[in-house]
Each structure stands twice: as C-alpha cells, then as structure tokens.
Amino acid sequence: MCGIVGLHLREPSLEPRLGALLTAMLGQVVERGPDSAGVAVYGDPRLSPPGRAVVSLLGVSPAEAKAALPGAVAVAADVTTVVHADLSIADLLAAVSAALPHATVIGSGTEMAVLKGTGNPVQLAQSFGLAGVTGWQGVGHTRMATESAVTPEGAHPFSVGPGQCLVHNGSFANHATIRRELRAQGVEFDSENDSEVGARFIAHQLEQGAEPEKALRLLCERFDGFYTLLVSTGDSFAVVRDAIACKPALVAETDAWVAMASEYRALDVLPGIENARIFEPEPEEVYVWRR
C-alpha cells in the first residue's frame, strides 16, 4: 500500500501555491506509505530556473557538487542535491558522470526537480522546503516498501528520462523478466524496485517515439500485477490502472486544475473541490491532460 498525489495547474494564479497544495495533499496519504517519500515539481525558479539544465542527485553534498561542477548551482533538499547549470541536459549529465561517478541521478530535465528521502513524509516535505515551491505541476508519493529495501534510491518518483517521472501504487509480478529484457537492450538500473522497471519501460518507449498514451497502453499489455500509475512529462499528466483496478484512485477536475490521489481526503484540501468533476479511472483506460 502506497499513496499517490498529483496536481496539474491550469490557472497561472495558483502557481505560487503549488508546493503548499502538494504538501497538504501529501500529508493526507502518510498512513499509506510511512517509509519514505518523494516529489517531482515542475517550474520552480529556484530549483529549475528557465533555460537551465537540472539534475537531481543522491550521494553528493551541495558543496561537493559545486566544487566538482564549476559554474553550477547546487541546492540542498534533505539528502537530495539539485544541480542546475547553463548547459544542455546531455552535457550536464556527462559532466556529473565524469566528475561525480558515485552519484545517483534521480531526475533530469529543463524545468523539473525530483526530491526523495526516507522517513516520515510530513517531515520530509518540511526538509525539502516543499511548501515554498512554485510551479505548474507536481507529483508526490508516500511509500510502504514491499519489493525492495527502504532507501532514497527506492523511493518514488522514478525519473529516468528528461522531464519524465512515474509514481506507482501496487506491484508488478513480472518485473524481473522485463528488467532482464531491458538490460539486454542496454538499459541500466539504479535499484531493485519493481516500479523502476515500469519507469524504464515507459522511458524506453518514449525514446523510440511513442506518445505517453501509447507507452502506457504498451505497459498494460506487457506488465502483470496490480497498479495505479501517475506518469508526468514536461507537457503531460497521465493516469492508468490495471485491468482489475483494485488499487484506489480518484481524479478531480476543474477549470483551474486537474488532480489525482489515492484517497478523496487528499483532494479535499484543494481550492474549489466542491465544484470539481470527480471520478474513478476505468480499468486500463489511459487518461492524459496536457499543458
């Protein structure tokens, strides 16, 4: 059992409140996942300034990152260090690989930062400074570990392609088989978490030109198990559930925002919820909202 929350803002006037709203939503699903937590936020000028490449790292302090990457800015967020620089994403990733080979990259993009840690999700949100974050989209997750150890690397979201991330409630029964298939195609993994296999599969499909809708339909065809997934990119926000749809999920939609959560109480903190269209996603139907 894990908790998922996500918020896609349509109304620009709400963007200064993104982090505060996401913090409130996350606090409502703590009991679903007290082991660890993480968020991905899009559009915060402190974490991901416009026009600059961003990477989120584990295993590296901000001081170490700044010393190893001249000209880069490093921001601390609990055990995560967010680095941004006036480079392309590919060049910044290459520089990190060369100068900080022991670091684990947990996110990259031009306007997205990923923050992860272990422990109580409410305390982690405070350590991240999440309430002060601004932007246009955010996803969050509280984890109750079932498939792998409780580590920052095993926390969600899993972000394995530029601007992409996945959060997952459930378990993939055939993740070992698909991991072997992806490794045979040159895909590398950072953890033994089954959810990372789903994220790598989707990123692999997107790299080959698939749209998010197609990538998620292919995942439904290939993966066995029980799952609710929230997948975001730099311009999309998507939800899908398995064929049985036994893992809870609710979507609420207004003219100002679209939100998804594992429980209604996480949606009830949002402004205008009383006027929202609220529904439960249908099994294996892919829902996508675009910026």
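All values derive from a computational prediction rather than experimental measurement.
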Return the [atom1] to [atom2] distance between [X] and [Y], rounded to the nearest 0.5 Å.
X: Met112; Y: Asp44; atom1: CE; atom2: CG; result: 13.0 Å
X: Tyr287; Y: Glu213; atom1: OH; atom2: CD; result: 13.5 Å
X: Ile106; Y: Asp190; atom1: CD1; atom2: CG; result: 10.0 Å
X: Glu207; Y: Arg200; atom1: CD; atom2: CZ; result: 9.5 Å
X: Phe223; Y: Leu218; atom1: CZ; atom2: CG; result: 10.5 Å
X: Asp242; Y: Leu219; atom1: CG; atom2: CG; result: 10.5 Å

How close do [X] and [Y] get, counting heavy atoms only, and between which atoms?
X: Asn193; Y: Gly154; value: ND2-O, 2.9 Å
X: Val83; Y: Ala74; value: CG2-CB, 4.2 Å
X: Phe172; Y: Ser195; value: CE1-CA, 4.2 Å
X: Ala276; Y: Ala252; value: CB-CB, 4.1 Å
X: Leu26; Y: Ala125; value: CD2-CB, 4.4 Å
X: Leu166; Y: Ala199; value: CD1-N, 3.9 Å

Return the set of residues passing side-chain hydrogen bond (donor to acceptor under 3.5 Å, both in side chains) with Glu11 (not counting sequence neighbours), or none when no residue passes. Ser13

Would the distance check show the side chain of [X] and the main-chain N or O of [Y] forming a donor-acceptor pair, the cut-off being under 3.5 Å?
X: Asn120; Y: Gln123; result: yes
X: Arg265; Y: Gln28; result: yes
X: Asn169; Y: Cys2; result: yes
X: Ser36; Y: Ala155; result: no
X: Thr81; Y: Val60; result: yes
X: Ser262; Y: Gly3; result: no
X: Thr80; Y: Lys116; result: yes
X: Asp35; Y: Val150; result: no
X: Arg241; Y: Tyr227; result: no
X: Trp257; Y: Pro271; result: yes

I want to check something: taking the side chain as every heavy atom from C-beta on, are [X] and [Y] in contact at a cut-off of under 4.5 Å?
X: Leu100; Y: His102; value: yes
X: Val231; Y: Gln164; value: no
X: Met144; Y: Arg32; value: no
X: Leu47; Y: Val75; value: yes
X: Glu181; Y: Arg222; value: yes
X: Thr228; Y: Ile4; value: yes
X: Glu263; Y: Leu250; value: no
X: Pro50; Y: Glu111; value: no

Flag the pair [X] and [Y] as a salt bridge only when some basic side-chain nitrogen lies within less than 4.0 angstrom of an acidic carboxylate oxygen.
X: Glu280; Y: Lys247; answer: no
X: Glu211; Y: Arg290; answer: yes
X: Arg277; Y: Asp255; answer: no
X: Glu253; Y: Arg10; answer: yes

Any chance you could lay out the side chain to side chain contact (heavy atoms under 4.5 Å, CB included) test for Leu9 and Gln137, step after step, and finish with the verdict? CA-CA 6 Å; Leu9 296 178; Gln137 182 168 272; over 6 Å; no

Partners meeting ring pair (Phe, Tyr, Trp, His ring centres under 6.0 Å) with His141 (sequence neighbours left out): His156

Modelled atom types, side-chain donor and acceptor of [X] and [Y], under 3.5 Å:
X: Ser232; Y: Tyr42; answer: yes
X: Asp91; Y: Ser88; answer: yes
X: Thr134; Y: Glu15; answer: no

Please say yes or no: joined through hydrophobic side-chain contacts below 4.5 Å, possibly via intermediate residues, are [X] and [Y] part of one cluster?
X: Val167; Y: Met260; answer: yes
X: Val96; Y: Phe158; answer: no
X: Val54; Y: Leu93; answer: no
X: Leu57; Y: Val79; answer: no
X: Val258; Y: Val29; answer: no

In sequence, state the C-alpha distance, the side-chain angles, and the governing distance for Leu22 and Val41, and then conclude on side chain to side chain contact (heavy atoms under 4.5 Å, CB included). CA-CA 9 Å; Leu22 200 61; Val41 290; 4.1 Å; yes

Taking it one step at a time, do Ser191 and Glu196 satisfy side chain to side chain donor-acceptor pair (under 3.5 Å)? CA-CA 7 Å; Ser191 76; Glu196 185 184 357; 2.7 Å; yes

Give me the ring orientation class for Phe237 and His8: parallel if the planes are under 30° apart, tilted from 30 to 60°, perpendicular past 60°. tilted

Show me the pairs that pass salt bridge (charged side-chain N to carboxylate O under 4.0 Å, His left out) and involve residues 47-67, at least two apart or across chains. none

Got a sec, which hydrophobics cluster with Val160, joining ILVMFWY side chains under 4.5 Å apart, including via others? none

Which residues, ordered by chain and number, are linked to Val122 in its hydrophobic cluster, where ILVMFWY side chains connect at heavy-atom gaps below 4.5 Å, directly or through other members? Val30

Step-by-step side chain to side chain contact (heavy atoms under 4.5 Å, CB included) determination, Val240 to Cys220: CA-CA 9 Å; Val240 70; Cys220 290; 3.7 Å; yes

Count the heavy atoms belonging to other residues, nucleotides or ligands that lie under 6.0 Å from CD of Glu188, then report whether that count exceeds 12. no

Could you tell me whether Asp268 atom CG has more than 12 heavy atoms of other residues or ligands within 6.0 Å of it? yes

Do we get Arg179 above Phe189's six-membered ring, with its NZ or CZ under 6.0 Å from the centre and within 45° of the axis? yes

Holding to salt bridge (Lys or Arg N to Asp or Glu O under 4.0 Å), I want the full list of residues that pass it with Glu285, two or more places apart in sequence or in another chain. none

Working note: Val239 + Leu229, criterion side chain to side chain contact (heavy atoms under 4.5 Å, CB included); need CA distance, chi angles, decisive distance, verdict. CA-CA 6 Å; Val239 175; Leu229 301 177; over 6 Å; no

